[in-house]
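Worksheet: the structure to be examined is printed underneath.
Per chain, numbering begins at 1; letters A, B, ... match sequence-line order.
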Amino acid sequence: MPALNDQFPWASHYGHFKFFEERMREHNIVTSLTALDNGLYELEREHGDTLRVFICECYSYGVAEFFESNEKLGPLHAVIINSNWCAYTDEAKRHCRDQEVGLFNIGEFMAALSMPDFWSYLSDPQKERFQNNGWL
Amino acid sequence: MQVAQVYGFGSYFETPETAKDIDLLILHESTDERSCKFALRCKAALLKSEPRADIRILSKAEEKQTGFIATAKARLVGTIHSAEENSLKVNFLLDDCTDHT
């Protein structure tokens, strides 16, 4: 199934991000979630911080798309790739991580959210690839 | 001067008469800011000249990681040069146009 929109903000095929919203609201570390425009959310954590989170359905989210997202939305704390048909590149993950920005799918974000330095979270396969590339 | 390659893939390059969009990949040099912003300018220029374009962007390292060109059976259809500071020269195998952005 294709993503609905191939241009920024790579809107949801279904016109909403309810699955993401439900997962966030049931996460025990999330105290509030506020939807803004263009897939942008403000997410408050028990840690006391407020994260600017951008969610999208970009087929192939690379470093250039991260620059585009930043240009149009301002600084972000996390970018979430919503659809199973979409993905991000390891280079984009590395670039975001170096800037202390999280780049995740929803499952990864769920796992990372409890960590104060959530942006650093890597799945086991990612750890292996990052180590093989000499990035860790 | 910066250069990006444009690859075509998908239905337009198989059966153009029935394709709804034109799938293109912009392949740019690196993941540094200058190269990425050049790729974004290329994307804007391509969309201006061909609104049906569905454009993806990858640096050479990202393409190597994903193997996108081989997987999508994409083929080179053009190049884009930053001829001057504020202009792009778009050269397609069949078309040639200059876009000032």
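In this structure, CG in A/L43 is found 10.5 Å from CD1 in A/I29, a value given to the nearest 0.5 Å. Within the model, atoms CD1 of A/I106 and CZ of A/F104 stand 12.5 Å from one another, a figure rounded to the nearest 0.5 Å.
Heavy-atom distances place no part of A/A87 under 4.5 Å from chain B, backbone and side chain included. Both the backbone and the side chain of B/I57 come within contact range of chain A, judged by heavy atoms closer than 4.5 Å. Within the 4.5 angstrom heavy-atom criterion, only side-chain atoms of B/L47, from C-beta onward, approach chain A.
For residues 26-39 of chain A, the salt bridge (charged side-chain N to carboxylate O under 4.0 Å, His left out) pairs, not counting sequence neighbours, are A/R23-A/E26.
The aromatic ring centroids of A/Y41 and A/F20 lie less than 6.0 Å from each other.
Between A/N105 and A/F109, the closest side-chain pair of non-hydrogen atoms is not below 4.5 Å.
Residues B/I69 and B/F9 share a single hydrophobic cluster, defined by chaining ILVMFWY side chains whose heavy atoms lie under 4.5 Å apart.
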Go through chain A and chain B and list any donor-acceptor pairs closer than 3.5 Å, backbone and side chains both.
from  : atom 1 : to    : atom 2 : distance (Å)
A/Q7  : OE1    : B/K43 : NZ     : 3.3
A/V63 : N      : B/E62 : OE2    : 3.0
A/T89 : OG1    : B/E62 : OE2    : 2.7
A/D90 : N      : B/Q65 : OE1    : 2.8

> Are A/L36 and A/E42 close enough, and set up right, to give a side chain to side chain contact (heavy atoms under 4.5 Å, CB included), and what steps lead you there?
Replying inline: CA-CA 7 Å; A/L36 306 175; A/E42 281 188 353; 3.8 Å; yes
